[in-house]
Amino acid sequence: MHNLKDLRKNFDVFKKKILTRNIKIDLNEILLLDEKHRKLIQEKETLEKNKKDISKSKDKSQFEKSKELSLKIEKLSIDQALIKRKLDNIMSLIPNVPLDEVPIGDDEKFNKEIEKKGNIKTFDFKPKPHHELGDNLKMMDFDLASITTGSRFVFLRDKIALLERALINFMIDIHTINNGYREISPPLFASEDTMFGTGQLPKFENDQFEIKLDDKNDRKFLIPTAEVILTNIVREKILNHQDLPMRLVAATPCFRKEAGSYGKDTKGMIRQHQFYKVELVSIVENHKCSDELERMTDCATMILDKLKLPYRKVILCTGDMGFSAEKTYDIEVWLPSENKYREISSCSSCGSFQARRMKSRYKDKNNETFFTGTLNGSGLAIGRTLIAILENYQTNNGDILVPEILKPYMNNLQKISAN
RNA sequence: GGAGAGAUGGCUGAGCGGUUGAAAGCACCGGUCUUGAAAACCGGCAAAGGGGCAACUCUUUCCUGGGUUCGAAUCCCAGUCUCUCCGCCA
């Protein structure tokens with residue numbers, strides 16, 4: 001959500017930047033509505049002042065006039081509320097403004113690689129895709145999931161199930177012990193307001209799973225990422241600057257409809273309706289967002305370094321960034337079977353965009369109140385990390401070597417092989 | 001599911017239908033004192049929105065939405081949430 005006052009002042013700059021984000025919204029209407037809105041407010045406030053003066057004076061001869069004023073005020077209020085609602089509706093659909101260093105472009109073709117790390121192994125056999133490896137080991141079962149549940153779900157068994165659990169513990173340990181994040185085990189349901197706060201609603205309702213809790217009319221949703229619930233921890237709060245930065249980590253299942261990706265990544269665990277993800281969230285003083293984004297991205301890549309998986313870091317272009325982001329780094333891991341890099345983490349700074357939606361503020365050391373800065377990043381997506389390990393650590397006979405750092409998390413297992 | 005209690009500023013917590021935007025305490029900011037800190041003392045300190053270059057000023061806001069009244073944090077109605085007790089259950 002943007003600040004109307006700032007927007008009004010720098011409208012042309014704002015418009016230019018927003019247009020780099022591939023949206024079709026009549027931005028000029030905002031100015032018109034805003035002007036009308038302020039005019040109504042002024043009229044209303046004049047009358048309210050009159051009324052207040054009468055009531056203060058306790059002058060009985062004026063009481064009739066006060067009643068008339070009430071009627072007029074009511075009329076103005078209705079008009080004003082109507083316009084306000086229109087204005088809010090438009091505002092809530094406008095994405096965040098990209099930072100200057102974000103490359104301009106319509107789609108992922110314009111993303112820029114900024115770093116490449118790790119050694120890509122050369123195999124003396126044709127590396128298999130993860131689902132084939134998992135299937136051969138009888139530890140990854142998509143057919144069974146389609147019977148019990150449907151498509152885009154999976155059963156993991158035995159050592160691969162253990163690998164999943166190990167990855168969660170390993171990542172959480174690194175982030176809590178080495179990186180200063182505080183571990184949270186949050187609810188997996190989020191209210192409508194919470195979903196609005198981080199920007200999933202109203203625009204992306206189709207991607208969300210809605211839950212029917214009871215007959216009441218308040219709505220609940222399964223979280224599509226722990227970002228939603230972790231970031232909203234500071235909703236409607238005014239924090240003290242000493243409380244910041246607040247760094248939180250959680251491992252949770254994530255639920256996504258993946259509407260609009262029919263036929264995409266239908267094989268394997270790349271794109272599922274349900275997957276585990278270790279999520280990092282930082283709440284910071286808003287001028288510290290850029291530094292925090294670098295820090296957070298380093299925390300995420302650190303995991304890949306330790307797992308010795310090759311990856312690259314990419315800065316997303318304006319058209320490819322998420323709704324709430326002002327700058328995003330994607331981290332992509334190497335998948336031998338596809339012979340390319342695939343997204344395994346996405347770290348974004350949202351500036352004060354989400355904070356304004358959530359009304360999350362803090363007082364700085366001069367006691368001035370500002371909106372907080374919020375950031376989120378995967379550290380990392382568990383399902384995709386599991387895929388990367390299977391594919392990068394596979395041997396010619398279909399076994400999976402266990403990465404050194406994970407062994408203590410897997411009862412010192414050396415390799416995963418068929419039972 | 002049954003029975004109660006409550007919702008007030010960053011936090012805790014007073015509050016009579018008419019200078020109550022709201023006592024007090026804590027926290028926070030500034031100052032005095034101190035070698036420095038702590039303590040003590042003095043002063044400041046709600047948010048959102050409108051107008052103004054600014055000093056400043058106006059409006060709204062005491063869970064939400066209605067109602068009564070010239071006037072509501074305070075009275076009435078509806079809803080939401082929280083807590084306590086009983087029952088049921090992982």
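Reminder, nothing fancy here: chain letters follow the sequence lines and each chain counts from 1. In what follows, every heavy atom counts, from backbone to side chain, and hydrogens, waters and symmetry copies are set aside.
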Dump the pairs, protein N or O against N or O of nucleotides 17-19 of chain B, anything under 3.5 Å, distances to one decimal.
| unit_1 | atom_1 | unit_2 | atom_2 | d |
| --- | --- | --- | --- | --- |
| B:G18 | O2' | A:Lys58 | NZ | 3.2 |
| B:G18 | N2 | A:Ser55 | O | 3.3 |

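As rounded to whole Å, 13 Å separates atom C1' of B:G66 from atom CD1 of A:Ile78. In this structure, the NE2 atom of A:His241 is 11 Å from the C1' atom of B:A27, given to the nearest Å. Here the P atom of nucleotide B:U60 and the CG atom of A:Leu40 are 16 Å apart, to the nearest Å. Atom CD in A:Glu48 sits roughly 8 Å away from atom P in B:U59 (whole-Å rounding). The separation between A:Asp243 atom CG and B:G10 atom P is 14 Å, rounded to whole Å. In this entry the distance linking NZ of A:Lys84 with P of B:U60 reads 17 Å, nearest Å. For A:Asn240 and B:C45, the CG to C1' distance is 12 Å, given to the nearest whole Å. A straight line from NZ of A:Lys65 to C1' of B:G71 spans 16 Å, rounded to a whole angstrom.
For the residue pair A:Lys15/A:Asn28, the side-chain donor-acceptor check at 3.5 Å is satisfied. Between the side chains of A:Thr231 and A:Thr198, not a single donor N or O lies within less than 3.5 Å of an accepting N or O. Counting only N and O atoms by type, the side chains of A:Lys128 and A:Gln394 include no donor and acceptor under 3.5 Å apart.
Shown here, B:G36 forms no base pair; nothing in the strands shown gives a Watson-Crick or G-U wobble contact with both key distances under 3.5 Å. Nucleotide B:G71 has no partner under the Watson-Crick or G-U criteria, as no pair reaches both atom distances under 3.5 Å. Both distances falling under 3.5 Å, in either a Watson-Crick or a G-U wobble arrangement, place B:G6 opposite B:C81. As the counterpart of B:A54, no nucleotide is assigned, since no Watson-Crick or G-U wobble pattern has both distances under 3.5 Å. Base pairing of B:A46: its partner is B:U61, meeting the Watson-Crick or G-U wobble criterion (both donor-acceptor distances under 3.5 Å). Under the Watson-Crick or G-U wobble criterion, with both distances below 3.5 Å, B:C41 is paired with B:G31. Across all strands shown, B:A90 remains unpaired; no Watson-Crick or G-U wobble contact has both distances below 3.5 Å. When both distances must be under 3.5 Å, the Watson-Crick or G-U wobble mate of B:G21 does not exist.
B:U69 sits 32 Å from B:U82 when the C1' atoms are compared, rounded to a whole Å. B:C16 and B:C62 are spaced 16 Å apart, taking the C1' atom of each and rounding to whole Å. Using P as the reference atom, B:A47 and B:G9 are 13 Å apart when rounded to the nearest Å. Nucleotides B:C29 and B:A46, compared at atom P, are 16 Å apart to the nearest Å. Rounded to the nearest Å, the gap between the C1' atom of B:C63 and that of B:U74 is 16 Å. Separation of the P atoms belonging to B:A5 and B:A73 is 24 Å when rounded to the nearest angstrom. For the P atom pair drawn from B:C53 and B:C45, the interatomic distance equals 26 Å after rounding to whole Å. Using C1' as the reference atom, B:G10 and B:A3 are 35 Å apart when rounded to the nearest Å.
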Atom pairs and distances, donor-acceptor, side-chain atoms in residues 295-307 of chain A, under 3.5 Å, two or more places apart:
| unit_1 | atom_1 | unit_2 | atom_2 | d |
| --- | --- | --- | --- | --- |
| A:Arg295 | NH1 | A:Asn179 | O | 3.3 |
| A:Arg295 | NH2 | A:Asn179 | O | 2.9 |
| A:Thr297 | OG1 | A:Leu293 | O | 2.6 |
| A:Thr301 | OG1 | A:Thr297 | O | 3.2 |
| A:Thr301 | OG1 | A:Asp298 | O | 3.1 |
| A:Asp305 | OD1 | A:Tyr311 | OH | 3.0 |
| A:Asp305 | OD2 | A:Lys117 | NZ | 3.4 |

Please tabulate, for the side chains in residues 130-138 of chain A, all donor-acceptor contacts under 3.5 angstrom to protein atoms that are two or more places apart in sequence or on a different chain.
| unit_1 | atom_1 | unit_2 | atom_2 | d |
| --- | --- | --- | --- | --- |
| A:His130 | ND1 | A:Glu391 | OE2 | 3.4 |
| A:His130 | NE2 | A:Met269 | N | 2.8 |
| A:Asn136 | ND2 | A:Glu132 | O | 3.3 |

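One finds no salt bridge joining A:Lys313 and A:Glu332 here, because no Lys/Arg side-chain nitrogen approaches an Asp/Glu carboxylate oxygen to under 4.0 Å. With respect to the salt-bridge test (charged N to carboxylate O, under 4.0 angstrom), the residues A:Asp207 and A:Arg256 do not qualify. Ion pairing between A:Glu35 and A:Arg38 fails under the 4.0 Å rule for side-chain N and carboxylate O. Salt bridge present: A:Glu258 and A:Arg271 bring a charged side-chain N and a carboxylate O closer than 4.0 Å.
Residue A:Lys359 is classed as having no contact, given no heavy-atom separation below 4.0 Å to the nucleic acid. Backbone-only engagement by A:Lys52 is indicated by non-hydrogen atom pairs under 4.0 Å involving sugar-phosphate atoms exclusively.
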**OP:** Classify every nucleotide of nucleotides 46-56 of chain B by which part a protein heavy atom approaches to under 4.0 Å, writing B for the base, S for the sugar-phosphate alone and - for neither, in 5'-to-3' order.
**Re:** SS-BSS-----
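Judged as a side-chain hydrogen bond (donor to acceptor under 3.5 Å, both in side chains), not a single pair has a partner in residues 162-172 of chain A (not counting sequence neighbours).
Comparing A:Lys237 and A:Lys365 against RNA chain B, the residue whose closest nucleotide sits nearer the 5' end is A:Lys237.
The phosphate of B:C70 has neither OP1 nor OP2 within less than 4.0 Å of any side-chain N or O from A:Lys51.
A perpendicular orientation is assigned to the rings of A:Phe255 and A:Phe209, their planes being inclined by more than 60° (bins at 30° and 60°).
Residues forming a ring-ring contact (aromatic ring centres under 6.0 Å, His included) with A:His37 (at least two apart in sequence, or on another chain): none.
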